[in-house]
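To start, the structure under review is shown below, and the notes come after it.
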Amino acid sequence: MSFLLTKVPHMAVLGISTNTRLLGTAIIEEGQLTEYKIRLFKASWSPSKATRIITSLEPCVREHCIKKVVLSIPHGYHQTDGFKALHLRLCRYFERKGIPVICVSPEHVLSLCLDGDKKGKKALMKSLCDKFPELLYCHRKELRNKNKYYIKLFEAVAAATLHS
């Protein structure tokens, strides 16, 4: 009697940090950061823009065995009507796929800072670079940027790390 050994795909955690303009995503499998991206959606807010944002996530879901999604949620006073609509559509999309969505607050994301005294976004980026050196390039670019761009990427990595 012979047994076929099949390779079981690694279960992955997808971290997402988004607003209506930027989408940061990160995938962590077995404690390793396997994929991370930042995307810019320039058009003004509309339901079709939400569809484009969700459609951009489909390759991640298709290519990786996502066991859960961790969504970094901004403070209530930063949540526009467009963000609320996008958040609802994201949750419905993953619900249809049978993938649970966990929402985390900014305070929860910042809890990953290794430096106990500092709990800001710069400290978060530094802590994540210590854990995932491949992020150093993005960190250096972000420090040079006048307008913040990569922070959504780091928030997505932090969200996925919290629940991986």
Side-chain angles (χ1 to χ4, degrees), residues 9-41 50 53-54 56-61 63-80 82-84 86-95 97 99-164:
H10 299 293
M11 300 302 274
V13 175
L14 172 61
I16 298 173
S17 180
T18 190
N19 53 30
T20 58
R21 189 168 165 80
L22 290 168
L23 173 69
T25 58
I27 297 176
I28 295 188
E29 295 177 276
E30 294 189 333
Q32 299 296 313
L33 181 61
T34 58
E35 189 175 311
Y36 54 97
K37 292 181 183 174
I38 185 81
R39 293 182 192 100
L40 174 64
F41 296 89
I53 291 171
I54 292 168
S56 75
L57 294 169
E58 287 179 3
C60 288
V61 175
E63 294 169 14
H64 300 273
C65 188
I66 304 295
K67 68 177 176 180
K68 63 182 150 186
V69 172
V70 185
L71 185 57
S72 175
I73 302 294
H75 290 287
Y77 51 84
H78 284 294
Q79 295 181 18
T80 64
F83 173 81
K84 291 174 186 175
L86 176 59
H87 177 254
L88 182 63
R89 299 250 331 251
L90 282 167
C91 289
R92 285 184 184 157
Y93 170 76
F94 289 112
E95 183 181 295
K97 299 268 185 199
I99 302 171
V101 176
I102 300 165
C103 296
V104 294
S105 67
E107 292 81 18
H108 199 167
V109 169
L110 291 175
S111 72
L112 279 175
C113 295
L114 298 176
D115 184 352
D117 296 336
K118 296 181 181 178
K119 294 275 189 204
K121 291 182 180 182
K122 285 183 181 178
L124 174 67
M125 290 189 294
K126 174 85 173 79
S127 294
L128 289 171
C129 286
D130 291 343
K131 184 170 178 67
F132 304 111
E134 59 266 39
L135 293 173
L136 279 169
Y137 174 77
C138 296
H139 181 244
R140 287 185 195 116
K141 284 188 78 168
E142 182 69 354
L143 292 177
R144 287 191 307 258
N145 285 343
K146 182 177 178 181
N147 297 317
K148 297 306 171 204
Y149 180 76
Y150 287 97
I151 192 63
K152 289 293 177 194
L153 171 68
F154 282 93
E155 289 173 354
V157 173
T161 301
L162 284 168
H163 289 275
S164 63

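Each residue takes its place number in the sequence, starting with 1. These figures come from a predicted structure and were not determined experimentally.
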* So, do Leu143 and His139 sit near enough that their side-chain heavy atoms are less than 4.5 Å apart? -> yes

* Give, for atom OG of Ser72 and atom NZ of Lys152, the distance between the pair rounded to the nearest 0.5 Å. => 6.0 Å

* Asked: So, do His78 and Phe83 sit near enough that their side-chain heavy atoms are less than 4.5 Å apart?
  -> no

* Kindly indicate, with the supporting measurements, whether the criterion side-chain contact (heavy atoms from CB on, under 4.5 Å) is fulfilled by Val70 and Leu162. => CA-CA 8 Å; Val70 185; Leu162 284 168; 5.5 Å; no

* Work out which heavy atom in Leu33 is nearest to a heavy atom in Ala26; give both atom names and the distance. => CD1-CB, 4.0 Å

* Give the minimum heavy-atom separation between Leu110 and Lys121, together with the two atoms involved. => CD2-N, 4.1 Å

* To do: Start with the C-alpha distance between Glu107 and His75, add both sets of side-chain angles, then the distance that settles side-chain contact (heavy atoms from CB on, under 4.5 Å), and finish with yes or no.
  => CA-CA 9 Å; Glu107 292 81 18; His75 290 287; 2.7 Å; yes

* Asked: Is the shortest heavy-atom distance from the side chain of Ser56 to the side chain of Leu23 under 4.5 Å?
  -> yes

* **Nearest-0.5 Å distance, OG1 of residue Thr161 to NZ of residue Lys131** => 6.0 Å

* Glu142 side chain to Tyr149 main-chain N or O, any donor-acceptor pair under 3.5 Å? -> yes

* To do: Drop me the distance from Leu22's CG to Tyr150's OH, to the nearest 0.5 angstrom.
  => 10.5 Å

* Any chance you could measure Arg92, atom CZ, to His87, atom NE2, to the nearest 0.5 Å? => 11.5 Å

* To do: Compare all side-chain heavy atoms of Ser111 with those of His108 and state whether any distance is below 4.5 angstrom.
  => yes

* For Leu90 and Leu57, what are the C-alpha separation, side-chain angles and deciding distance, and is it a side-chain contact (heavy atoms from CB on, under 4.5 Å)? -> CA-CA 10 Å; Leu90 282 167; Leu57 294 169; 3.5 Å; yes

* Structure fact -> Correct closest heavy-atom pair for Leu86 and Asn19 would be CD2-O, 3.6 Å

* To do: Decide yes or no on side-chain contact (heavy atoms from CB on, under 4.5 Å) for His64 and Leu14, but give the supporting numbers first.
  => CA-CA 9 Å; His64 300 273; Leu14 172 61; over 6 Å; no

* Structure fact -> What one should report as the nearest heavy-atom pair of Glu58 and Tyr93 is CG-OH, 3.1 Å

* Structure fact -> CG (Leu153) and OG1 (Thr25) are apart, to the nearest 0.5 Å, by 7.5 Å

* Side chains of Val101 and Glu95: closer than 4.5 Å at any heavy-atom pair? -> no

* What are the two closest heavy atoms between Phe132 and Gly31, and how far apart are they? -> CE2-O, 3.8 Å

* Asked: Minimum heavy-atom separation for Val13 to His163, with atom names?
  -> CG2-O, 3.5 Å

* State, yes or no, whether a side-chain contact exists between Ser17 and Ile151 at a heavy-atom distance under 4.5 Å. => no

* Structure fact -> Separation between CD1 (Ile16) and SG (Cys103), nearest 0.5 Å, reads 10.0 Å

* Would the number of heavy atoms belonging to other residues, nucleotides or ligands and lying under 6.0 Å from CD of Gln32 be above 12? -> no

* Does Lys68 have any salt bridge (Lys or Arg N to Asp or Glu O under 4.0 Å) partners at least two apart in sequence or in another chain, and if so, which? -> none

* To do: Check salt bridge (Lys or Arg N to Asp or Glu O under 4.0 Å) between Lys37 and all other residues, then give those that pass, not counting sequence neighbours.
  => Glu35

